[in-house]
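In what follows, a structure is listed as structure tokens, so that the remarks can point back to it.
Just so it is clear, the model here is predicted, and its values are computed rather than measured. Numbering of residues begins at 1 and proceeds along the displayed sequence.
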Amino acid sequence: MKSNPNQSHQLLHASLALLCLALLTVGIWATVLLVLTTKINLALILVLGGGWVVLGCTIFGIVILWRLIQRPQQVVLAVHRLRWLLGIITVSIATTSLTFAYIWAKSGDAPGLIFIGLFLSAMPFACWVLVSVWQTTLTSPK
């Protein structure tokens, strides 16, 4: 029993659209929760700003993947754009997570919180390296 490629694409499009909606919902929920439960200071503004930059880049990345499904012949351009988006996400997460971990570590378990901040900033960096290797393999002469 073979699956229809159009049906598979429609299912993938629906999944990507649902993921975008879920990410926006979580972003709005987290923003409202953080603003209502804590006093507004520079650390909160930095975390919320960085979070929304990462969320926006992630949704833009999903749109790029959506277009890649529709036009697979433009894979080199899409991978190049994904690489730049992952670089922006890496810098944003590193800035916010390490700053927030440092500020939070002053009041508690410093080594553990710093390692959590380093781990959070290392995940998108690893994805950036993977996409950079992917781009290199796509553009290398055969």
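Rounding to the nearest 0.5 Å places OG1 of Thr90 at 10.5 Å from CE of Met123. Separation of atoms CD (Gln74) and CZ (Arg81) is listed at 7.5 Å; rounding is to 0.5 Å. The CZ atom of Arg83 sits 14.0 Å away from atom SG of Cys127, with the distance rounded to the nearest 0.5 Å. Interatomic distance, CG of Leu21 versus CD1 of Ile59, reported as 9.0 Å (0.5 Å rounding).
Here the side chain of Ser92 pairs no donor or acceptor atom with the backbone of Val54 at under 3.5 angstrom.
Residue Leu130 is not grouped with residue Ile88 when hydrophobic side chains (ILVMFWY) are merged at heavy-atom distances under 4.5 angstrom, including chains of intermediate members. Taking hydrophobic clusters as Ile, Leu, Val, Met, Phe, Trp and Tyr residues chained together by side-chain heavy-atom distances below 4.5 Å, Ile62 shares a cluster with Ile28. Hydrophobic clustering (side-chain heavy atoms under 4.5 Å, transitive across Ile, Leu, Val, Met, Phe, Trp, Tyr) keeps Trp84 apart from Phe60. The hydrophobic cluster containing Val129 also contains Leu86, counting ILVMFWY residues as joined when their side-chain heavy atoms lie under 4.5 angstrom apart, directly or transitively. Using a 4.5 Å cut-off between side-chain heavy atoms of Ile, Leu, Val, Met, Phe, Trp and Tyr, with links allowed through other members, Leu85 and Val91 fall into different hydrophobic clusters.
Nearest heavy atom pair, residue Ile89 against residue Cys57, reads CG1-CB, 3.5 Å.
The aromatic rings of Trp128 and Phe125 lie parallel to each other, their planes meeting at an angle below 30°, with 60° marking the opposite boundary.
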